[in-house]
Amino acid sequence: MNAPAKIQETKAEQSLNAQFDATLAQTTQDNANQRKQAWDAFKAKGIPHRRVEEWHYTDLRTKMTDAFALASKTSPKADALKGAGGDLETYRIAIVNGRYVPELSSNQTLVGLTVSEADGFLAAQLGTDDAMAHLNQALVQGGITIKIDADATIETPIEIVRYTDGTEVSSYAGTSVEIGSGAKALIIESFEGDAEAAYQSNALTEVKVGDKANIHWLKLQVESEKAQHIETLSIELGAETNFQHFIYNEGSALSRAQLFLEFKGEGTHAGLRGTCLLKDSQHADITLFVNHAVPECESREYYRAVVDDKARAVFQGKIIVEPGAQKTDGQMMIKSLLLSDTAEINAKPELEIFADDVQCAHGSTTGDIDEDLLFYLMARGIPEAQARKILVLAFLSEAIEEFEEERSVELLEAMTRKWLHADEMVSE
């Protein structure tokens, strides 16, 4: 029998080999063993390509033509980290080039919150065998552990600002978040970099939420339009918990947000929502795996994309209902608005159900601006360009308002208006 053909390493994979060797040479023995395990897992798969089902619409092997050098331990000026912006005051946790930077972080104390620097490698217990998550674990430059005490109510939004400083560099950040039972908080992730820089950002975040917690989690992906952005988010939810997650995506040339969520306790509700605002030749991929492993839990996955020019949006969502997870209620919907003839959307919602007493549904719709609604607005004296912006904003606002966290809704709507250049729109 002929031996199976060996796939030749790409230039990017060759660069990663050298980066791993250099990283390993500066690593302690215990840390080195963990990195080697992660590296072996990555090497067994290589950079994902279109023949990998979960990456079929985002051929990273083709798009990632090289792996930029690991970013050095440098810090930008404090004013370079924009964060959530606006009038929203946050407790800032600054991560620059994968490393925690206390001097750029908030120095006040929040009762019930502890932030500590992780000692090198973060051994996240992911519910996934994903190549880019393994790559993060092999090359991670630093990280943090965030702990919220049981029954703590954190009124000030906790903001994790991840900034990549430099051009043609790569950063690998690891974050572990432990949320105690009964805790309440708003957590914001902001991903940023020099607006003109080309760089690669790979973040790995593990979240464990205790019973009866109430958590809102907002991700703002506003990286450079020349950047490549990948984040893997692994979430475990306890019993009777309310967890609401929202992705706002307008940045980077190529982005991939992959989220793995597992229900570990009964009576829990999870809402996963988001908006993608794409133009030029941007490519944005949101991939979800939601595992209903216990009975009587509810999930809502609801995303909207506005795609212009030659941009491409990808949505893949899978709800899994395991045997015994009776009384599961899972609903998934992706709606897309194409603003040009060359814009593209690939939507792949899926259900895998192994229980018989469930309510589950999924769907997808794609279209352009409703001409009847456009005519209605123009007939009332609103110029066409402005009328189109009003309709796009209304389309996106339906997803934004369902996040039901007042500060976040105001921030998201302001960012959406800015993207649309709609600050002077007529009152709705």
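These numbers come from a predicted model, not from an experiment.
- E13 places a side-chain N or O within 3.5 Å of a backbone atom of T10 that can act as its donor or acceptor partner.
- Looking at I93 and I144, their side chains come closer than 4.5 Å, going by heavy atoms from C-beta outward.
- A salt bridge does not link K45 to D130: none of the charged side-chain nitrogens sits closer than 4.0 Å to a carboxylate oxygen.
- Using a 4.5 Å heavy-atom threshold, the side chains of H229 and Q221 count as touching.
- No side-chain donor-acceptor contact under 3.5 Å links T275 to the backbone of L396.
- Atom CG in N202 sits 10.5 Å away from atom CD in Q228 (nearest 0.5 Å).
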Working note: D329 + R300, criterion salt bridge (Lys or Arg N to Asp or Glu O under 4.0 Å); need CA distance, chi angles, decisive distance, verdict. CA-CA 8 Å; D329 184 352; R300 295 290 183 269; 3.1 Å; yes
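- Under the 4.5 Å side-chain criterion, counting only non-hydrogen atoms from C-beta, L339 is in contact with V392.
- Between D165 and P76, the shortest heavy-atom contact is OD2-N, 3.8 Å.
- Residue pairs meeting the ring pair (Phe, Tyr, Trp, His ring centres under 6.0 Å) criterion with at least one member in residues 286-318, sequence neighbours excluded, are F260-F289, F263-H292, Y303-F315.
- Cation-pi geometry between R50 and Y57 is not met at under 6.0 angstrom from the ring centre and within 45 degrees of the axis.
- Proximity of a side-chain donor or acceptor of E262 to a complementary backbone N or O of K264 within less than 3.5 Å is not detected.
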The test is side chain to side chain donor-acceptor pair (under 3.5 Å); show your working for T156 and E89 and say whether it passes. CA-CA 7 Å; T156 303; E89 294 185 3; over 6 Å; no
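- Between S190 and E159, the side chains place a donor N or O and an acceptor N or O closer than 3.5 Å (distance only, hydrogens not considered).
- Taking the ring centre of W55 as origin, the terminal cationic atom of R256 falls inside the region bounded by 6.0 Å and 45° from the ring axis.
- With sequence neighbours left out, the salt bridge (Lys or Arg N to Asp or Glu O under 4.0 Å) criterion links E404 to no other residue.
- In this structure, the side chain of R407 does not engage the main chain of L88 through any donor-acceptor pair within 3.5 Å.
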Applying salt bridge (Lys or Arg N to Asp or Glu O under 4.0 Å), run through R162 and E192 and close with a yes or a no. CA-CA 6 Å; R162 296 190 181 91; E192 308 173 355; over 6 Å; no
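- Looking at E54 and K348, no side-chain N of the basic residue comes within less than 4.0 Å of a carboxylate O on the acidic one, giving no salt bridge.
- Residue pairs meeting the ring pair (Phe, Tyr, Trp, His ring centres under 6.0 Å) criterion with at least one member in residues 154-190, sequence neighbours excluded, do not occur.
- Although no hydrogens or angles enter the test, the distance criterion places no donor-acceptor pair under 3.5 Å between the side chain of T241 and the main chain of L237.
- We find the CD-NE2 distance between Q331 and H362 to be 10.5 Å, quoted to the nearest 0.5 Å.
- For S340 (side chain) and D309 (main-chain N/O), a donor-acceptor pair under 3.5 Å exists by modelled atom type.
- In this structure, Q26 has no side chain to side chain contact (heavy atoms under 4.5 Å, CB included) partners at least two apart in sequence or on a different chain.
- In this view, A71 and N97, Q141, V169 satisfy the side chain to side chain contact (heavy atoms under 4.5 Å, CB included) rule, not counting sequence neighbours.
- For F246, the ring pair (Phe, Tyr, Trp, His ring centres under 6.0 Å) criterion is met by F403, not counting sequence neighbours.
- Among residues two or more places apart in sequence or in another chain, the salt bridge (Lys or Arg N to Asp or Glu O under 4.0 Å) test is passed with E240 by none.
- K219 places none of its side-chain heavy atoms less than 4.5 Å from the side chain of N249.
- Here the closest heavy-atom approach between residue I319 and residue E301 is recorded as CD1-OE1, 3.1 Å.
- Other residues, nucleotides and ligands contribute over 12 non-hydrogen atoms within 6.0 Å of the NZ atom of K318.
- Checked options I148, T268, I215; the residue passing with V209 is I215 (criterion: side chain to side chain contact (heavy atoms under 4.5 Å, CB included)).
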Just do the salt bridge (Lys or Arg N to Asp or Glu O under 4.0 Å) check on E296 and K327 with the steps written out, would you? CA-CA 5 Å; E296 299 187 12; K327 306 295 183 182; over 6 Å; no
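- Nearest heavy-atom pair across P48 and M132 is CD-SD, 3.7 Å.
- The closest side-chain heavy-atom distance from L254 to T58 is below 4.5 Å.
- Among residues two or more places apart in sequence or in another chain, the side chain to side chain contact (heavy atoms under 4.5 Å, CB included) test is passed with S75 by V101, E103, L104.
- The structure places CG of L139 at 7.5 Å from OG of S170, a figure rounded to the nearest 0.5 Å.
- Ring-plane geometry between F243 and H245 is classed as parallel, the angle between the planes falling under 30 degrees on a 0 to 90 degree scale with a further cut at 60.
- In this structure, K147 places its NZ atom where only 12 or fewer heavy-atom neighbours from other residues, nucleotides or ligands lie under 6.0 Å away.
- Checked by atom type and distance alone, the side chain of Q282 pairs as donor or acceptor with a backbone atom of E250 at under 3.5 Å.
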Candidate pair K279 and D308, rule salt bridge (Lys or Arg N to Asp or Glu O under 4.0 Å), full reasoning: CA-CA 5 Å; K279 60 183 179 181; D308 202 355; over 6 Å; no
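- Using a 4.5 Å cut-off on side-chain heavy atoms (C-beta onward), E236 and V207 make no contact.
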May I have the step-by-step check of side-chain contact (heavy atoms from CB on, under 4.5 Å) for L259 and I235, ending in yes or no? CA-CA 8 Å; L259 189 154; I235 304 167; 4.1 Å; yes
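- Using a 4.5 Å heavy-atom threshold, the side chains of I187 and I146 count as separate.
- Rounding to the nearest 0.5 angstrom, the gap separating the CG atom in N31 from the CD atom in Q34 is 6.0 Å.
- A search for salt bridge (Lys or Arg N to Asp or Glu O under 4.0 Å) contacts involving K335 returns nothing, not counting sequence neighbours.
- In summary, the side chains of E155 and T153 do not present any donor paired with an acceptor at a separation below 3.5 Å, with no hydrogens or angles considered.
- By the salt bridge (Lys or Arg N to Asp or Glu O under 4.0 Å) test, D66 is found to be paired with K11, residues two or more places apart in sequence or in another chain being considered.
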Criterion side chain to side chain donor-acceptor pair (under 3.5 Å) on S171 and T164, from CA distance to verdict: CA-CA 6 Å; S171 65; T164 302; 3.0 Å; yes
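- Contacts classified as salt bridge (charged side-chain N to carboxylate O under 4.0 Å, His left out) and involving residues 265-276 (residues at least two apart or in different chains) are given here: R273-E402.
- Contact check for I188 versus I160: no side-chain heavy atoms found under the 4.5 Å cut-off.
- Residues satisfying the side chain to side chain contact (heavy atoms under 4.5 Å, CB included) criterion with S181, sequence neighbours excluded, are D211.
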